[in-house]
Amino acid sequence: MPKWLDNAVFYEIYPQSFMDSNADGIGDIRGIISKLDYIEGLGCNALWINPCFVSPFTDAGYDVADYCTVAPRYGTNDDLKTLFEELHKRGMHVLLDLVPGHTSVEHKWFKESMDPEENVYTHRYVWTDSIWESPEGMNNIRGISQRDGCCGVNFFSTQPALNYGFYNKTRPWQMSPDDPAPTATLDAMISVMRFWLKMGCDGFRVDMAASLVKNDEEGKGNIALWKKVRTFLDKEFPEAAMVSEWGEPDKSLEGGFHMDFLLHFGPSHYNDLFRCDEPFFSKRGNGSIAAFADTYKKNYEKTGGKGLICIPSGNHDMDRLARKFDTGELKICFAFLLSMPGAPFIYYGDEIGMRYIEGLISVEGGFGRTGSRSPMQWNDGVNAGFSSAAFEKLYIPIDPFPDRPTAEKNINDENSLYNEIKRLIRIRQSHTALQSKGKIEFVYAQENAYPLAYIRSDDREKILVIINPSDKECGFDFNGAGQELLYTNGIVKISEGRICASPQSAAFIKLDRVHI
């Protein structure tokens, strides 16, 4: 695993909404470069940039039309190369968003695949051999050319699925992952990866990583595919990092990924934390951490104790944390997020408590997600400092309320969410036990009960983390002794074999002995 992932703290940038440098109402790469001091000042040392390639933007860039060219609205390939260089000067790293499962209908490959005459792209996508047969289990597009057949799509009807083969073939038109056409698809995607790695990026966050090989219920075909990618990377780019959008870390790590995301869907119980009717981190205290902790422990054991499971604050597909939580609750959320194993991912604006903007008309395929993609709020100037364009030109409207949080206000308030997160990152970076590879052992994670407690450890130290999001004092029996209080928000006491945590509190305590 690349050494830099050991202490990586990622900042996710949705490029069209981060910073506009040329007054066209859309964020861009030079805008990102202009704000690197801010990101570094927060304490983040790595970026994840959502897709920034040529696209018709029916799905905000996740419908790629040219994998090797930056979309003109963001700048040029040279601008992106400059961003890589500026990050590396600071000792920072960057992951690009790789979308290997589908392209836009405007991609050259797809246009060629629609030709009824056989060519090198005929089988680049998942096509049936009859216009009357839909690919089982997939939506499709049909009747768009003289080619006889339906093309499967992964998400929107503008996103035809690339052909990496079928693990279990049930129809004559389906191919094995090792057949020439699926192999050519993988080779083409490896060429894309090679292009950007040579340009200077440090790796990829991979979209829908478990979906490439179809009819693959147990994931064996996709694991085998990513092992081939891992072989390529180990040979040519051994320091390249790979983070998967998979949601099953035992499978993704076996496939060669270094870390795996927990998703807002799937079996992880991630939603129990922040995004359900009664989330655990609500001060109402009606949530439960037990199912999440049990699933996490099982996945942790399956990964051989590597613990390389990323828990994001959110992303461009989720409601913002501030839709459900106030600033006090958010501080407790981040005490958890920044003390768990694996690299934390902070979605731009979450560090200042940016809100979900209600009632927006969908922009570029955002639909209900659009409210989480509004422009970054830098200051109280024009368009909150995001852009000097006329308001009506903005990609997405700014939060219209006068009390909207801004980076400037947060930085200048020592009790702000931003400064609390900055403090938490600094503590994490000062203790290797709290970083990506430190071990975890849950001490108290009971059904419908508070608080949550776990020990992070390595060969240097053991650190007890206590998290009480609820508005009630609570405690649990604990046979150990604290040596040093590393962090506290509220009051947490260890005395006579018991820990008591005040309402809405969190603490990190370095231990000199413990018996669980």
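Atom CG of N7 is separated from atom CD of Q435 by 5.0 Å, given to the nearest 0.5 angstrom. In this structure, CH2 on W246 lies 15.5 Å from OG on S268, to the nearest 0.5 angstrom. Put simply, CG on L186 and CG on L225 are 4.5 Å apart, with the number rounded to the nearest 0.5 Å. Atom CG of L162 is separated from atom CZ of R124 by 7.5 Å, given to the nearest 0.5 angstrom. Distance check: E236 CD to I190 CD1 gives 8.5 Å after rounding to the nearest 0.5 Å. Atoms CG and CG, from L308 and L253 in turn, are 6.0 Å apart once rounded to the nearest 0.5 Å.
The side-chain tip of R428 does not point at the ring of F336 from less than 6.0 angstrom away and within 45° of straight on. Cation-pi contact between R205 and F10: absent, since separation from the ring centre below 6.0 Å together with deviation from the ring axis within 45° is not met.
Under the 3.5 Å distance criterion, with hydrogens and angles disregarded, a donor-acceptor pair is assigned to the side chains of N154 and H102. The closest side-chain donor-acceptor pair between Y395 and Y14 falls under 3.5 angstrom. With no hydrogens or angles considered, no side-chain donor-acceptor pair links T103 and Y67 at under 3.5 Å. Defined by atom type and a distance below 3.5 Å, a donor-acceptor pair is missing between the side-chain atoms of T158 and D63. Between the side chains of D97 and Y62, at least one donor N or O lies within less than 3.5 Å of an accepting N or O. For N168 and K220, the side-chain atoms include no donor-acceptor pair closer than 3.5 Å. Counting only N and O atoms by type, the side chains of H88 and D202 include a donor and acceptor under 3.5 Å apart.
At a threshold of 4.5 Å between non-hydrogen side-chain atoms, the residues L80 and W196 count as touching. Counting heavy atoms from C-beta on, the side chains of M189 and Y164 come closer than 4.5 Å. Side-chain atoms of P2 and H258, non-hydrogen and from C-beta on, do get closer than 4.5 Å to each other. A heavy-atom distance below 4.5 Å is not found between the side chains of S244 and W226. Taking the side chain as every heavy atom from C-beta outward, L273 and I289 approach each other to under 4.5 Å. Between Y270 and F274 there is a side-chain heavy-atom pair separated by less than 4.5 Å.
In this structure, the side chain of S282 does not engage the main chain of E278 through any donor-acceptor pair within 3.5 Å. Proximity of a side-chain donor or acceptor of N139 to a complementary backbone N or O of V153 within less than 3.5 Å is not detected. Remark: side-chain polar atoms of K324 are paired, donor with acceptor, to backbone N or O of C276 under 3.5 angstrom. Side-chain atoms of E351 come within 3.5 Å of backbone atoms of G349 as a donor-acceptor pair (strictly under, hydrogens ignored). A donor-acceptor pair under 3.5 Å is formed between the side chain of R147 and the backbone N or O of T122. Remark: side-chain polar atoms of N215 are not paired, donor with acceptor, to backbone N or O of Y167 under 3.5 angstrom. Although no hydrogens or angles enter the test, the distance criterion places no donor-acceptor pair under 3.5 Å between the side chain of N448 and the main chain of S288. Listed for the N77 side chain is a donor-acceptor partner under 3.5 Å among the backbone atoms of V70.
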(request) Step by step, work out the side chain to side chain contact (heavy atoms under 4.5 Å, CB included) result for M376 and I352. (result) CA-CA 10 Å; M376 179 65 178; I352 61 171; 3.9 Å; yes
(request) Could you go through the salt bridge (Lys or Arg N to Asp or Glu O under 4.0 Å) check for E136 and R171 one step at a time? (result) CA-CA 9 Å; E136 185 178 353; R171 300 294 298 150; over 6 Å; no
(message) I'd like to know whether S436 forms a side-chain hydrogen bond (donor to acceptor under 3.5 Å, both in side chains) with D6, so could you lay out the CA-CA distance, the side-chain angles of the two residues, the decisive distance to 0.1 Å, and finally the verdict.
(response) CA-CA 5 Å; S436 295; D6 290 355; over 6 Å; no
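Environment of NZ in K228: crowded, with over 12 heavy atoms of neighbouring residues, nucleotides or ligands closer than 6.0 Å. Around atom NZ of K437, no more than 12 heavy atoms belonging to other residues, nucleotides or ligands sit under 6.0 Å away.
A search for side chain to side chain contact (heavy atoms under 4.5 Å, CB included) contacts involving R30 returns S21, D28, D79, not counting sequence neighbours.
Checked against the 6.0 Å centroid threshold, F280 and F292 do not count as a close aromatic pair.
In this structure, K89 pairs ionically with E86, as a charged nitrogen and a carboxylate oxygen lie closer than 4.0 Å. A salt bridge does not link K297 with E301: every distance from a Lys NZ or Arg NE/NH1/NH2 to an Asp or Glu carboxylate oxygen is 4.0 Å or more. Under the 4.0 Å criterion applied to side-chain N and carboxylate O atoms, R230 and D234 are assigned as salt-bridge partners. Remark: E358 engages R323 in a salt bridge, criterion side-chain N to carboxylate O under 4.0 Å. Of the charged side-chain nitrogens involved, at least one lies within less than 4.0 Å of a carboxylate oxygen, so that D317 and R373 count as a salt-bridged pair.
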If you look only at distance, which donor and acceptor atoms sit under 3.5 Å apart when one is on a side chain in residues 340-347 and the other is two or more places apart or in another chain?
residue, atom, partner, partner atom, Å
Y347, OH, S372, O, 2.8

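Note: Y296 and Y300 have parallel aromatic rings, judged against thresholds of 30 and 60 degrees for the angle between ring planes. The aromatic rings of W48 and H316 sit perpendicular to each other, their planes meeting at more than 60°, with 30° as the lower class boundary.
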